[in-house]
There are 2 protein chains.
Amino acid sequence: MEVETEPDDKVLRGFAGYGLKRAWLAVHSELTSALERFDLKLITYSALALIVANPGLRPSQLAELLALERSNLVGFLDQLEKSGLIRRSASRVDRRAQVLTATDAGREVCRKATEAIARSEEAMLGQVTQAERSVLTGALRKIETAAARLREE
Amino acid sequence: MEVETEPDDKVLRGFAGYGLKRAWLAVHSELTSALERFDLKLITYSALALIVANPGLRPSQLAELLALERSNLVGFLDQLEKSGLIRRSASRVDRRAQVLTATDAGREVCRKATEAIARSEEAMLGQVTQAERSVLTGALRKIETAAARLREE
DNA sequence: CAAAAATAGTTATGTAATGTAATTAAATGC
DNA sequence: GCATTTAATTACATTACATAACTATTTTTG
């Protein structure tokens with residue numbers, strides 16, 4: 001006999017990759033909206049936060065930290081510079097290199113944006129206990145490392 | 001005195017969103033490469049797997065399950081159909097709708113691709129215990145739900 | 001029952017993230 | 001000193017994803 005069952009995605013839910021994508025998509029959307037009023041995107045916020053936390057950082061180091069191609073970083077730094085949040089200055093030890101620093105405005109925007117992000121995160125992680133968060137973070141880190149290792153083989 | 005410290009992304013690692021993005025990016029890259037030899041992308045594999053698991057599924061239901069716009073699904077179904085992995089047939093209860101079914105070849109490719117994915121997942125999750133995986137999956141699900149709820153407000 | 005609203009699949013179009021290749025200038029290594 | 005490497009950039013292609021509009025139906029409703 002025909003049993004009409006509701007279609008579902010159980011077969012995919014067994015894969016961590018699927019859950020990861022679903023969660024990331026939803027989180028990305030929420031965080032993007034949280035950063036809208038600061039005229040920041042997730043990637044420009046990340047760059048700004050790292051420049052604030054690591055004054056004197058060079059673009060190539062930043063690209064390395066954020067795991068993105070140097071060529072892709074250029075435009076994002078352009079945006080941050082045009083908004084007056086960071087400065088690109090010449091390195092005195094390597095004339096090819098630049099030195100990135102946040103402006104006062106950049107540090108201020110970073111502080112406020114970080115608060116907004118933290119609020120969004122709290123709203124999204126509200127049902128996740130501290131113990132679970134710690135497992136989550138650790139597992140994500142392990143997965144990232146293992147996946148990256150697989151890729152570079 | 002100047003203490004030259006290595007630049008790092010500690011400030012961002014505190015956010016679940018950052019870890020999520022990093023992990024997803026690495027996992028996406030690995031899974032994409034694992035599916036390459038089947039001429040499948042992550043999204044077409046997902047669609048195929050859901051059609052195999054839910055015979056008779058309609059495109060709009062599939063889009064709903066995969067959380068993507070119907071318009072974006074069209075091209076992916078085109079690819080699967082052109083590869084002979086699925087069939088689109090007319091619904092007999094609703095002349096607007098289509099009914100999706102996998103072909104024999106589709107089921108076979110799905111089976112093999114699923115094995116490949118499972119192997120990749122095992123390699124990526126090797127250092128994550130079963131208990132941790134269970135927490136991970138649950139936490140991702142909670143986060144996805146909470147983030148989606150925030151978005152639709 | 002006829003008109004209005006909603007739904008299914010599609011097409012067209014725009015945006016954003018990411019990757020690759022090539023260029024220029026400077027530094028490094030042999 | 002010359003070949004190689006590195007830093008930042010430019011140009012370009014690809015892919016994922018969102019939005020709006022269109023056609024053919026079905027459903028709702030007055």
Side-chain angles (χ1 to χ4, degrees), chain A residues 7 17 20-22 24-33 35-36 39-47 56-81 86-100 148 151-152, chain B residues 7 17 20-22 24-33 35-36 39-47 56-81 86-100 148 151-152:
Chain A
L20 211 49
K21 177 181 184 176
R22 299 288 300 240
W24 166 240
L25 223 77
V27 166
H28 176 262
S29 168
E30 163 60 20
L31 293 181
T32 297
S33 127
L35 287 173
E36 226 165 38
D39 255 307
L40 290 172
K41 292 175 296 187
L42 227 68
I43 190 70
T44 48
Y45 165 75
S46 301
L57 196 66
R58 287 181 292 110
S60 55
Q61 294 177 306
L62 181 53
E64 171 74 20
L65 281 180
L66 288 174
L68 52 87
E69 296 298 317
R70 271 164 305 165
S71 61
N72 292 326
L73 184 57
V74 178
F76 301 134
L77 292 180
D78 286 348
Q79 292 174 37
L80 288 172
E81 195 177 34
I86 67 159
R87 253 191 301 268
R88 289 195 253 218
S89 35
S91 163
R92 260 169 300 186
V93 287
D94 186 338
R95 286 199 294 167
R96 293 168 305 179
Q98 300 177 343
V99 160
L100 304 172
R151 295 308 312 120
E152 71 198 15
Chain B
L20 211 48
K21 177 180 184 179
R22 298 290 300 240
W24 165 241
L25 225 76
V27 167
H28 178 262
S29 168
E30 163 60 19
L31 293 182
T32 297
S33 126
L35 287 173
E36 227 166 38
D39 255 307
L40 290 172
K41 292 176 297 186
L42 227 64
I43 191 71
T44 48
Y45 166 75
S46 301
L57 196 67
R58 287 180 295 107
S60 54
Q61 295 176 306
L62 181 53
E64 171 75 20
L65 282 179
L66 288 174
L68 51 88
E69 297 299 317
R70 272 164 310 169
S71 59
N72 292 324
L73 185 57
V74 179
F76 300 136
L77 292 180
D78 286 346
Q79 292 174 39
L80 288 171
E81 196 178 34
I86 67 160
R87 252 189 302 269
R88 288 195 253 216
S89 34
S91 163
R92 261 168 299 185
V93 288
D94 187 338
R95 285 198 294 167
R96 291 168 304 179
Q98 301 176 342
V99 160
L100 303 172
R151 296 306 313 117
E152 74 197 14

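Because the structure is predicted, anything quoted here is derived from the model rather than measured.
- The CG atom of B:L80 lies 10.0 Å from the CD1 atom of B:I43; values are rounded to the nearest 0.5 Å.
- Across the protein-nucleic acid pair, A:E69 atom CD and C:dA21 atom C1' stand 11 Å apart, rounded to whole Å.
- Looking at heavy-atom distances under 4.0 Å, B:D94 makes contact with sugar-phosphate atoms alone, never a base.
- Between the CG atom in A:L68 and the CZ atom in A:F76 there is a gap of 7.0 Å [rounded to 0.5 Å].
- For A:Q98 and B:N72, each mapped to the nucleotide of DNA chain D holding its nearest heavy atom, the one lying further toward the 5' end belongs to A:Q98.
- Taking atom CZ of residue A:R22 and atom C1' of nucleotide D:dC17, one finds them 14 Å apart after rounding to whole Å.
- D:dC17 atom C1' lies 12 Å from atom NE2 of B:H28, rounded to whole Å.
- Atoms CZ and CG, from A:R88 and A:D78 in turn, are 4.5 Å apart once rounded to the nearest 0.5 Å.
- Annotation: of the two residues near DNA chain D, A:L25 and A:A97, the 5′-most nearest-nucleotide partner is A:A97.
- For A:R70, no side-chain nitrogen or oxygen approaches OP1 or OP2 of C:dA21 to under 4.0 Å.
- No contact: B:L73 has no heavy atom under 4.0 Å from any strand.
- Across the protein-nucleic acid pair, A:F76 atom CZ and C:dA16 atom P stand 10 Å apart, rounded to whole Å.
- Each of A:D39, A:L40, A:I86, A:T44 was evaluated against A:Q79; a single residue qualifies, A:T44, per the side-chain contact (heavy atoms from CB on, under 4.5 Å) test.
- Distance A:R96 CZ to C:dA26 P: 10 Å, rounded to the nearest Å.
- Among the atoms of the strands shown, base atoms are found under 4.0 Å from some heavy atom of B:S71.
- Checking the phosphate oxygens (OP1, OP2) of C:dA17, a side-chain nitrogen or oxygen of A:K41 falls inside 4.0 Å.
- Closest contact between the side chain of B:K21 and the listed nucleotides C:dA8, C:dT18, C:dT10 involves C:dT18.
- Residue A:R95 is classed as a sugar-phosphate contact, given heavy-atom separations below 4.0 Å to backbone atoms only.
- Contact record, A:T32 with A:L42: N-CD1, 4.2 Å, taken as the closest heavy-atom pair.
- Between B:R92 atom CZ and D:dT25 atom C1' the separation is 18 Å, expressed in whole Å.
- Here the P atom of nucleotide C:dG9 and the CD1 atom of B:I86 are 12 Å apart, to the nearest Å.
- Going from atom CH2 of B:W24 over to atom P of D:dA16 covers 10 Å, rounded to whole Å.
- When each of A:L42 and A:V93 is assigned the nucleotide of DNA chain C bearing its nearest heavy atom, the one mapping closer to the 5' terminus is A:L42.
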